[in-house]
Amino acid sequence: MTVRHQLTLIGTAVVLAAAGCSAGPSDVDNGRRSAPRPATASPSTTSHQHHHEAGQADPARSGEPGGKLVVRADEQLRTTFGILVEKFEAAYPGTDVLVEFGPSARHAQHIVGGAPADVLVSGDPAATERVVDAGAGGKPSVIARNPLVIAVARQAGPVNSVADLSRTGVRVAVCAARTRCGDAARSLLAVRPTVAVADGRAAVAAVQSGTADAALVYRTDIAATEADLRAIDFPAAVQHADQYTVVRLGKGDNRTAADAFAAFTHSALAQRVLSDEGFSPA
């Protein structure tokens, strides 16, 4: 072999060796092609994964109440449910309760029309019946009652029973017609109002000021004004007391929280809050 030929072979070997050294570890590994590296997740993939994980941890999915809960409640419950919602959210930190207050009849109309809601708390039996008959809600359960009472001053006065309201010279404050307390008073008693007032608060104020000897108001009217008055019950009013019912709605998105909220309104804690606001036990 000539020197020229030997140099040619050596040069070829050097070139081949250099080419082998330049191959990366992902291409050659001990003479074998290595497996491809896993692809790095894109931001959209990571976001989807977090969303999926958050869904798995959602209390509503795991059996614990959580998420957004929409409640439609009677206007008369505004103050009471402001307290109850805070206590419910404290008991179930994952929940976010949105309450819409208004007349029960209007709530029923909206619910039957397909408005989104999880729970109805109604003070109108006809409105409750409309929702149930339309198949939009389950079986209602009574959570509180609100009877009409005779509000009088704590000190001895001319009125100590329902019979005293008809005595000559007794001044009785009755709410205006077409108001809740006014219609209830007129339907239960044949009493002539001698002091005309706009609503329950005004009737309570009339007794406090001495303008009236007694007033026909709801027990909650006395509690709402924090008036230092005595409430006299009478059989007809107790028998026909307004009833407040809770109904879980069939089209609601949060069945777990709705069930928990309905059960909560029957709890000892909720019943104590309702009592403090003037309602009678369920």
> Quick one: does Asp74's side chain have a donor or acceptor within less than 3.5 Å of a partner on Pro103's backbone?
no
> Applying side-chain contact (heavy atoms from CB on, under 4.5 Å) to Thr225 and Asp221, what does each step give before you reach the verdict?
CA-CA 6 Å; Thr225 57; Asp221 291 325; 6.0 Å; no
> Would you find more than 12 non-hydrogen atoms of other residues, nucleotides or ligands less than 6.0 Å from Asp259 atom CG?
yes
> Which heavy atom in Thr265 sits nearest to a heavy atom in Ala270, and how many Å separate them?
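Minimum heavy-atom separation between Thr265 and Ala270: O-CB, 3.6 Å.
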> Could you walk me through whether Ser141 and His266 pass the side chain to side chain donor-acceptor pair (under 3.5 Å) check?
CA-CA 9 Å; Ser141 59; His266 289 281; 2.9 Å; yes
> Treating Ser275 as the side-chain partner and Arg272 as the backbone partner, does any N or O pair qualify as donor plus acceptor under 3.5 Å?
no
> Using a strict threshold of under 4.0 Å (side-chain N to carboxylate O), is an ion pair present between Arg154 and Asp228?
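A salt bridge is present here (some side-chain N lies under 4.0 Å from a carboxylate O).
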> Crowded around Arg106 CZ? As in, over 12 foreign heavy atoms under 6.0 Å?
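For Arg106, atom CZ is crowded (more than 12 foreign heavy atoms under 6.0 Å).
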> Please determine whether a side-chain nitrogen of the Lys or Arg among Asp213 and Arg171 lies less than 4.0 Å from a carboxylate oxygen of the Asp or Glu.
yes
> Say whether Ile143 and Val247 are linked into one hydrophobic cluster, either directly or through other cluster members, by side-chain heavy-atom distances under 4.5 angstrom.
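In one cluster with Ile143: Val247, no.
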> Using only atom types and a distance under 3.5 Å, with no angle test, would you say the side chain of Arg145 pairs donor to acceptor with the backbone of Tyr244?
no
> If you count every heavy atom of other residues, nucleotides or ligands that lies below 6.0 Å from Arg186 atom CZ, does the total exceed 12?
yes
> Check this for me, if you would: do Asp133 and Arg130 make a salt bridge, where the nitrogen-to-carboxylate-oxygen distance has to be below 4.0 angstrom?
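Answer for the salt bridge query: no.
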> Treating His107 as the side-chain partner and Leu120 as the backbone partner, does any N or O pair qualify as donor plus acceptor under 3.5 Å?
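Between the backbone of Leu120 and the side chain of His107 there is no qualifying donor-acceptor contact (under 3.5 Å).
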> Please test Asn146 against Arg180 for side chain to side chain donor-acceptor pair (under 3.5 Å), starting from the C-alpha separation and ending with a verdict.
CA-CA 11 Å; Asn146 191 17; Arg180 205 161 184 166; over 6 Å; no
